[in-house]
Amino acid sequence: MSKYEVVIGLEVHVQLNTKTKIFCNCPTSFGDEPNTNTCPTCLGLPGALPVMNKEAVKKAVMFGKAVNAKINKISTFERKNYFYPDLPKGYQISQFVVPIVENGEIFLDNGKKIGITRAHLEEDAGKNIHEGDVSKVDLNRAGTPLLEIVSEPDMRSSDEAIEYLKKLHAIVRYLGISDANMQEGSFRCDANVSVRPKGQKEFGTRVEIKNLNSFRFIKQAIEYEIERHIEAYEYDEYEDEVVQETRLFDTKSGETKSMRGKEESADYRYFPDPDLLPLEVPDEFFDIEIPELPHEKKQRYMEEYKLKEYDAGVLTSEPELAKFFEKMIELGVEPNAANRWLAIELLGRLNKAGISIENSPVSAQKLALIAIREKEAVISGAGGKKVLDLLMEEDIEVDEAIEKLGLKQVSDEGAIEKIVDEVLSANEDKVAEYKAGKEKLFGFFVGQVMKASKGKANPQIVNKILKEKLS
Ligand code: ADP
Ligand code: MG
Ligand code: ZN
């Protein structure tokens, strides 16, 4: 491995969440009856004309701002010609000569910059469905707006590729320009991978692995490909084995397989789409305010809430998580407690159950109340965890759960003092030893009092009273 250097560049297709398609008024909803969301334009019928969707333009501009890119006032649409059953026009309308967004950047946690070459608007194709001997075409997706985000070949490991992708994913979700649901295909990635001997100036031959739709598969596919290239070098078979081509990742075997030779852009016979004038971004779009971005929020959490970098990173990794956290703060929970209850306790339970934060059975209000009851010493930390366990299962109120589980701590000083007195008089010998200097017996007394109270005495008050009595 150390003899070689990996080079990765990623192309990401993000489905923009506009209500209607990019060049017609058909809805973009997912999962409807096949071929119901279609019209002459997205069916590619002769004479039908495309009309640009302004919302899609706006969302592309927002993305450009978020990655500090150049937004082109004028950009152009070209036809990318190829033949495939899910592409009824025989061409895809895309941006080739001048994309709407150019020259952006995303920074990894270690400060390394990953360049974004361009981001351009285009229409999605339909879907081919193969069932045994029969193949069907569903054109509901045809004409859905896509933003294709092309990175520079700046990544040097699968880990860097995944980190870049996660940052990109978070940015898109924070901006609210796509649901970026990977399973449904609204955030899909083509990974370009090459390997070169260390010190070699030119890049190695790149292969493109198409349509990867989970972070795990992307990592597996890239790592498989790296291995394949290195092996080819080692066996002196590089020229034969590694050719510029498109490959598919088989999720079952964990291998990539050749799909087709790589087309050059000349194969697509790009030419300007005569049905669409060059796109002129409206002036007011240049002044659009974009929401606080993940890295800005992370920085703010570290400064304002004094959270550790790691914790701030977790909490800001998804907009819903950050929203949940901020709600808890708003309700008066201290940042560190909110972090502990949310990032460790709740997320731990949600991950185990395979539930996302959006679908958490425990609301921010309820989790905040657990933290508050802990702070008030109504319950102990351990008690709070039991309450949370119950709330994961049952839709009840926090105080009800505390009651039901019998977790209310005794904070009444008189009651605790009584128990302390009993414990001390039952252990007069130990009290004498303690007073003679055996200070570590203090823990023994605390334990006895807790035991006598069946674990319900407020430990802080127990400590305080014991100290008074023993000094
Ligand atoms: P195409 O549509 O032909 O795939 P693009 O320009 O859209 O071309 O995308 C090319 C992608 O491949 C970019 O992300 C670029 O960074 C990446 N890339 C180019 N050369 C290499 C290479 N030698 N190794 C890895 N990635 C590369
Ligand atoms: Mg490509
Ligand atoms: Zn349509």
Side-chain angles (χ1 to χ4, degrees), residues 4-13 18-29 32 35-45 48-53 78 80 82 88-89 92-97 99 102-104 106 114-120 122-126 138-158 160-161 164-165 168 189-197 200-212 218 221-222 225-226 229 238 242-247 259-268 270:
Y4 300 102
E5 186 181 47
V6 173
V7 173
I8 302 168
L10 300 172
E11 296 158 77
V12 175
H13 286 89
T18 53
K19 285 199 193 71
T20 57
K21 293 186 181 178
I22 186 165
F23 299 122
C24 64
N25 268 327
C26 295
T28 50
S29 46
D32 289 343
N35 296 308
T36 51
N37 300 331
T38 55
C39 73
T41 299
C42 57
L43 288 175
L45 300 185
L49 288 173
V51 177
M52 185 68 217
N53 180 332
E78 282 78 25
K80 180 179 183 181
Y82 64 91
K89 293 197 296 293
Q92 176 194 28
I93 303 176
S94 182
Q95 297 197 292
F96 181 66
V97 179
E102 270 181 306
N103 253 330
I106 283 182
I114 307 296
I116 291 177
T117 319
R118 52 190 272 144
H120 62 254
E122 62 184 26
E123 57 179 342
D124 207 347
D138 177 6
L139 294 173
N140 278 353
R141 201 181 64 184
T144 299
L146 296 178
L147 188 66
E148 177 173 345
I149 302 159
V150 181
S151 86
E152 289 291 309
D154 284 347
M155 287 149 278
R156 292 292 173 269
S157 67
S158 60
E160 283 191 2
Y164 163 82
L165 277 175
L168 192 61
C189 172
D190 303 343
N192 297 272
V193 181
S194 68
V195 177
R196 63 180 164 188
Q200 177 181 305
K201 259 226 178 76
E202 312 79 51
F203 286 150
T205 305
R206 82 165 148 129
V207 299
E208 179 187 49
I209 317 160
K210 271 259 179 242
N211 275 331
L212 297 160
I218 294 165
I222 291 175
E225 211 42 46
I226 293 171
H229 292 213
Y238 187 76
V242 180
V243 293
Q244 187 165 331
E245 63 180 353
T246 299
R247 296 176 73 89
M259 176 178 149
R260 58 167 189 249
K262 172 79 200 154
E263 314 77 357
E264 299 292 328
S265 65
D267 297 331
Y268 290 119
Y270 280 100

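Because the structure is predicted, anything quoted here is derived from the model rather than measured. Numbering of ligands and ligand atoms starts at 1, following listing order.
Between T205 and Y238 there is a side-chain heavy-atom pair separated by less than 4.5 Å. A 4.5 Å side-chain heavy-atom check between M52 and F23 finds at least one atom pair inside the cut-off. In this structure, V207 and N192 have side chains that are not in contact, with every pair of non-hydrogen atoms separated by 4.5 Å or more. Contact annotation: the side chain of K21 never approaches that of N53 to less than 4.5 Å [non-hydrogen atoms, C-beta and beyond].
Evaluated by nearest non-hydrogen atom to atom 10 (C) of ligand 1, the leading choice among R206, E148, Q244 is R206. Comparing P153, G115, G9, S151 against atom 13 (C) of ligand 1, the shortest heavy-atom distance belongs to S151. Distances from atom 26 (N) of ligand 1 to the heavy atoms of V207, N192, D190 put N192 nearest.
In summary, the atoms of ligand 1 found under 4.0 Å from a heavy atom of E208, numbered by their order in the structure, are 4 (O). Each of the following atoms of ligand 1 lies closer than 4.0 Å to a heavy atom of L10: 14 (O). Near F203, the atoms of ligand 1 lying under 4.0 angstrom from a non-hydrogen atom of the residue are 23 (N). If you number the atoms of ligand 1 from 1 as listed, the ones under 4.0 Å from a heavy atom of V7 come out as 24 (N), 25 (C). Near G204, meaning under 4.0 Å from any of its heavy atoms, are these atoms of ligand 1: 23 (N).
Here E152 has backbone heavy atoms under 4.0 Å from ligand 1, and that is the only part of it that gets that close. Counting heavy atoms closer than 4.0 Å to ligand 1, residue D154 contributes nothing at all.
Contact record, M155 with S151: CE-OG, 3.3 Å, taken as the closest heavy-atom pair. Nearest heavy atoms, G44 versus K89: CA-CG, 3.4 Å.
With the Zn ion (ligand 3) as the vertex, SG (C24) and SG (C26) define an angle of 110°, rounded to 10°.
When only interatomic distances are considered, the shortest N/O to N/O separation between V150 and ligand 1 does not fall below 3.5 Å.
Under the 3.5 Å distance criterion, with hydrogens and angles disregarded, a donor-acceptor pair is assigned to the side chains of D32 and N37.
Ring orientation note: the planes of Y82 and Y268 are nearly perpendicular, at an angle over 60° on the 30°/60° scale.
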